[in-house]
J.: 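One structure coming up, written as structure tokens, with questions to follow.
Numbers for residues simply follow the sequence, beginning at 1.
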Amino acid sequence: ESIRHLAPILLGKDPLLRELIWHEIRPRVFPLPPQSLAAIDIALWDLAGKAADLPLYQLLGGARDRIPAYASTPLFEDVDSYLQNAEEFIAAGFKAIKFHTWCIPELDLELARAVRKQYPGDEIEFMLDAENNYDRDGALRVARELEAMRFTWFEAPLHDSDLDGYIELSSRVAIPIIPSGNWFQDLHAFAAAIQAKAWGRARTDVAMMGGISQTNKAIALSEAAGIKCEIMSWGYSLVSAANLHLMLAHNNCSYFEQSVPCEPYEYGMKDVIRAQSDGYAYAPTGPGLGLEVDWEAMDSATIHSFVIE
């Protein structure tokens with residue numbers, strides 16, 4: 001519904017003038033869902049890549065052509081299910097796993113302890129995502145124990161808006177504390193949080209920040225502040241591809257986030273992004289986003305369409 005009102009602004013515009021178009025469609029009087037802005041901006045970058053006959057990561061700077069991937073789990077019923085699935089992810093080549101959990105400190109710590117007991121070495125890295133659900137006391141207790149268990153980062157222990165809580169938590173533990181990123185939808189708020197030293201690492205993605213153009217700037221802001229920017233890439237193939245290209249354009253992102261199991265997120269695509277048996281996600285080689293859409297499948301799933309004239 002937001003795009004319905006934004007699309008007329010695009011008519012007659014040069015699609016290579018992305019900053020001009022962003023200025024025209026940006027929210028002013030009322031907020032707009034960042035995903036609607038992102039859909040337009042990603043499409044413009046895809047066109048730019050096709051016009052230049054280059055994959056986007058090269059057009060954006062091209063720091064590398066592969067990045068380690070982590071398996072980003074769904075919520076499982078019990079600890080044993082997590083351990084069984086972790087074994088399968090590791091057998092598939094993943095060298096890192098992020099657990100989406102029950103978001104209850106004691107239960108989440110029970111899982112973390114079991115995981116570390118099963119994998120006591122440093123061959124596999126682990127992260128835990130609490131989805132903005134803890135209070136400050138619970139966050140500190142879990143952070144300290146995850147730090148002792150050598151987890152790579154602790155994600156979204158508090159609501160993103162609790163900057164004071166993040167500042168305090170980050171100052172009291174060494175494990176990197178990162179936000180969910182879902183509530184930072186503009187560069188000004190993102191930059192202010194970095195300046196306040198709220199996080200050990202930043203986090204955002206193209207859908208939440210309103211597109212490739214703005215997210216590219218957010219990564220640069222993080223790099224200038226001397227911290228990593230751990231980009232989300234959870235979700236369907238096209239938005240995952242947009243995030244992957246951004247990660248490959250820079251050197252301060254650690255991992256590609258692979259939603260597992262993969263199949264539910266690959267509908268409507270002839271090409272998909274999957275971590276390989278060496279644990280890396282590789283750059284698409286085609287121009288633009290580099291993935292081919294199965295338009296027959298997309299058309300068969302379409303429930304509404306509109307034309308702007």
J.: May I ask you to decide whether Glu266 forms a salt bridge with Arg274, counting only side-chain N to carboxylate O separations under 4.0 Å?
T.: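 Yes, Glu266 and Arg274 are salt-bridged.
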J.: Can we say Glu155 and Arg201 salt-bridge, meaning some charged N sits less than 4.0 Å from an Asp/Glu carboxylate O?
T.: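 Salt bridge between Glu155 and Arg201, a charged N being under 4.0 Å from a carboxylate O: no.
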J.: Output, in order, the C-alpha distance, side-chain angles, deciding distance and verdict of salt bridge (charged side-chain N to carboxylate O under 4.0 Å, His left out) for Arg203 and Glu257.
T.: CA-CA 12 Å; Arg203 187 163 179 80; Glu257 181 176 18; 2.9 Å; yes
J.: Between Met269 and Val206, is there shared hydrophobic-cluster membership here, with clusters defined by ILVMFWY side-chain heavy atoms closer than 4.5 Å?
T.: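 Yes, Met269 connects to Val206 through the hydrophobic network.
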J.: Could I get the full list of side chain to side chain donor-acceptor pair (under 3.5 Å) partners for Gln58, not counting sequence neighbours?
T.: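 None.
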J.: For the pair Glu145 and Arg116, find out whether any cationic side-chain nitrogen is under 4.0 Å from an anionic carboxylate oxygen.
T.: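 A salt bridge is absent here (no side-chain N lies under 4.0 Å from a carboxylate O).
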J.: Can you tell me how far CD of Glu110 sits from CZ of Arg113, rounded to the nearest 0.5 angstrom?
T.: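 With rounding to 0.5 Å, CZ (Arg113) is 8.0 Å from CD (Glu110).
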J.: For Glu263, does the CD atom sit with more than 12 other heavy atoms under 6.0 Å from it, leaving out its own atoms?
T.: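 Counting neighbours around CD of Glu263, more than 12 heavy atoms of other residues, nucleotides or ligands fall under 6.0 Å, so yes.
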J.: Tell me, do Leu54 and Pro287 make a side-chain contact under 4.5 Å, heavy atoms counted?
T.: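 They are not in contact (no side-chain heavy atoms under 4.5 Å apart), so the answer is no.
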J.: Would you say the side chain of Phe184 lies within less than 4.5 Å of the side chain of Thr204, judging by non-hydrogen atoms?
T.: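 SC-SC contact between Thr204 and Phe184 ruled out.
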J.: Whether Asp137 and Arg141 form a salt bridge (side-chain N of Lys/Arg under 4.0 Å from carboxylate O of Asp/Glu) is what I want to check.
T.: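 The answer is no: the pair does not qualify as a salt bridge.
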J.: Is there a donor in the side chain of His250 and an acceptor in the side chain of Asn216, or the other way round, less than 3.5 Å apart?
T.: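 There is such a pair (donor and acceptor under 3.5 Å, judged by atom type) between the side chains of His250 and Asn216.
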J.: Regarding Thr101 and Asp108, do their side chains bring together a donor and an acceptor under 3.5 Å, going by distance alone?
T.: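 Result is yes, a qualifying pair exists.
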J.: Do Arg4 and Phe306 form a cation-pi contact, if we require the NZ or CZ to be under 6.0 Å from the six-membered ring centre and within 45 degrees of the ring's axis?
T.: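 Yes, Arg4 sits over the ring of Phe306.
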J.: Could you check whether Lys95 pairs with Glu123 (Lys NZ or Arg NE/NH1/NH2 to Asp/Glu carboxylate O, under 4.0 Å)?
T.: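 No.
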J.: Within the 3.5 Å criterion, strictly below it, is a donor on Glu230 or Ser254 matched to an acceptor on the partner's side chain?
T.: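 The criterion, which ignores hydrogens and geometry beyond distance, is satisfied for Ser254 and Glu230.
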J.: Roughly how far, to the nearest 0.5 Å, is NE2 of His245 from OG1 of Thr215?
T.: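 Separation between the atoms: 14.0 Å.
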J.: Sub-3.5 Å donor-acceptor pair from the side chain of Asp186 to the main-chain atoms of Met209, do we have one?
T.: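 Checked: no pair found.
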J.: Evaluate the criterion side chain to side chain contact (heavy atoms under 4.5 Å, CB included) for residue pair Tyr280 and Phe256; output intermediate values, then yes/no.
T.: CA-CA 8 Å; Tyr280 282 82; Phe256 173 74; over 6 Å; no
J.: For the residue pair His100 and Asp129, confirm or rule out a side-chain donor-acceptor distance under 3.5 Å.
T.: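 Yes, because at least one side-chain N or O of His100 sits under 3.5 Å from a partner of the opposite role on Asp129.
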J.: Can you confirm whether Pro176 sits close enough to Thr152 that some side-chain heavy atom of one is under 4.5 Å from a side-chain heavy atom of the other?
T.: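 Side chain of Pro176 against side chain of Thr152, heavy atoms only: no contact under 4.5 Å found.
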J.: Report the distance from atom CD1 of Ile227 to atom SG of Cys229, rounding to the nearest 0.5 Å.
T.: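 Atom-to-atom, Ile227:CD1 and Cys229:SG are 7.5 Å apart.
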J.: Passes side chain to side chain contact (heavy atoms under 4.5 Å, CB included), Asn85 versus Val260? Steps please.
T.: CA-CA 10 Å; Asn85 278 274; Val260 290; over 6 Å; no
J.: In plain terms, say whether Glu19 and Lys217 are close enough for a salt bridge, that is, a side-chain N and a carboxylate O under 4.0 Å apart.
T.: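 Salt bridge flag = yes for Lys217 with Glu19.
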J.: Assess whether a salt bridge exists between Arg150 and Asp122, defined as any Lys/Arg side-chain N lying under 4.0 Å from an Asp/Glu carboxylate O.
T.: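 Answer for the salt bridge query: yes.
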J.: Rounded to the nearest 0.5 Å, how far apart are SG of Cys103 and OH of Tyr134?
T.: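 The distance works out to 6.5 Å.
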J.: Using 30° and 60° as the class boundaries, would you call the ring planes of Trp199 and Phe190 parallel, tilted or perpendicular?
T.: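 Rings of Trp199 and Phe190: tilted, 30 to 60°.
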J.: Whether the Tyr255 and Glu125 side chains hold a donor-acceptor pair (N or O, under 3.5 Å, no angle test) is what I'd like checked.
T.: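 The answer is yes; a qualifying pair exists.
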J.: Taking atom CD1 of Ile231 and atom CD1 of Ile67, what is their separation to the nearest 0.5 Å?
T.: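 It comes to 9.0 Å.
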J.: Begin from the C-alpha positions of Trp45 and Arg18 and carry the test side chain to side chain contact (heavy atoms under 4.5 Å, CB included) through to its verdict.
T.: CA-CA 8 Å; Trp45 275 99; Arg18 294 177 299 277; 3.2 Å; yes
J.: Below 30° counts as parallel, above 60° as perpendicular, anything between as tilted: where do the rings of Tyr82 and Trp102 land?
T.: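 Because their plane-to-plane angle is over 60°, the rings of Tyr82 and Trp102 count as perpendicular.
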J.: Does a donor on one side chain and an acceptor on the other come within less than 3.5 Å for Ser81 and Asp78?
T.: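 Per modelled atom types, Ser81 and Asp78 side chains form a pair under 3.5 Å.
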J.: Going by heavy atoms in the side chains, are Arg136 and Leu169 under 4.5 Å from each other?
T.: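 The answer is no; the side chains never approach within 4.5 Å.
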J.: Which distance, rounded to the nearest 0.5 Å, do you find between the CD of Gln35 and the CD1 of Ile42?
T.: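 Gln35 CD to Ile42 CD1: 10.0 Å, rounded to 0.5 Å.
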J.: Using 30° and 60° as the class limits, which term best fits the ring planes of Trp153 and Tyr70: parallel, tilted or perpendicular?
T.: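 If you compare the ring of Trp153 with that of Tyr70, the planes turn out perpendicular.
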J.: Classify the side-chain pair Asp160/Asn132 by whether it contains a donor and acceptor separated by less than 3.5 Å.
T.: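 Side-chain D/A pair, Asp160 to Asn132: present.
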